[in-house]
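Shown next, in structure tokens, is the structure this report addresses.
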Amino acid sequence: MIAVASDHGGFALKEQVKRWLADFKRECLDLGCKDESSVDYPDYAAEMARAIQDGRAERGILICGTGIGMSIAANKFDGIRAALAHDAYTAKMSRLHNDANVLVLGGRVLGPGVAEEIVRVWLETPFEGGRHQKRLDKIGRCCG
Ligand code: RB5
């Protein structure tokens, strides 16, 4: 299950991401927001963290205007490794080396073609493990 959440700045791209997830045959859990009315992105980062921590979702996609606020907020939560990606290369590396369980996108930054490629690559790329696991263990220890 892939959870998706956004604030108003990411709402339009979130709706598009849901259509891509359907195309990619991925189940999707929409955690809001519901429209383009102004909301606070930390509330949705927290919802995403809870969904992953309690096992309702395996991974998630968070979207705000730039992706920066969602990244800062999501990475405060235990067990969340949120990566802001602007291209397919960083999206791929966030899976291979960082085992990112949350992809963060900037709805006011990305064009639809680039965003779709980022989402597709991020979904299909596995974690490489090996030497990278030791580094993630160190992050886990300093944060929890
Ligand atoms: C909302 O206007 C905007 O600040 C938010 O979407 C995000 O870009 C914050 O980092």
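Computed from a predicted structure; not experimentally measured. Reckoned from all heavy atoms, side chains included, excluding hydrogens, waters and symmetry mates. Atoms within each ligand, like the ligands themselves, are counted from 1 in listed order.
- Both the sub-6.0 Å distance and the 45° axial angle are satisfied by R59 relative to the ring of W122.
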Distances only, to 0.1 Å: what are the N or O pairs between ligand 1 and the protein that fall under 3.5 Å?
| unit_1 | atom_1 | unit_2 | atom_2 | d |
| --- | --- | --- | --- | --- |
| ligand 1 | 2 (O) | R108 | NH1 | 3.4 |
| ligand 1 | 6 (O) | D7 | OD1 | 3.4 |
| ligand 1 | 6 (O) | D7 | OD2 | 2.6 |
| ligand 1 | 6 (O) | G65 | N | 2.7 |
| ligand 1 | 8 (O) | G65 | N | 3.2 |
| ligand 1 | 8 (O) | T66 | N | 3.0 |
| ligand 1 | 8 (O) | T66 | OG1 | 3.2 |
| ligand 1 | 10 (O) | T66 | OG1 | 3.4 |
| ligand 1 | 10 (O) | G69 | N | 2.9 |

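- Sequence neighbours left out, the pairs with a member in residues 48-102 that pass ring pair (Phe, Tyr, Trp, His ring centres under 6.0 Å) are H97-H132.
- Within 6.0 Å of atom CD in E27, 12 or fewer heavy atoms from other residues, nucleotides or ligands are found, so the atom counts as exposed in its surroundings.
- In summary, R120 and E116 do not engage in a salt bridge, as defined by a charged side-chain N under 4.0 Å from a carboxylate O.
- No more than 12 heavy atoms of other residues, nucleotides or ligands lie within 6.0 Å of NZ in K92, so this atom counts as exposed by the packing criterion.
- Using modelled atom types, one finds a donor on one side chain and an acceptor on the other under 3.5 Å when comparing Q16 with R19.
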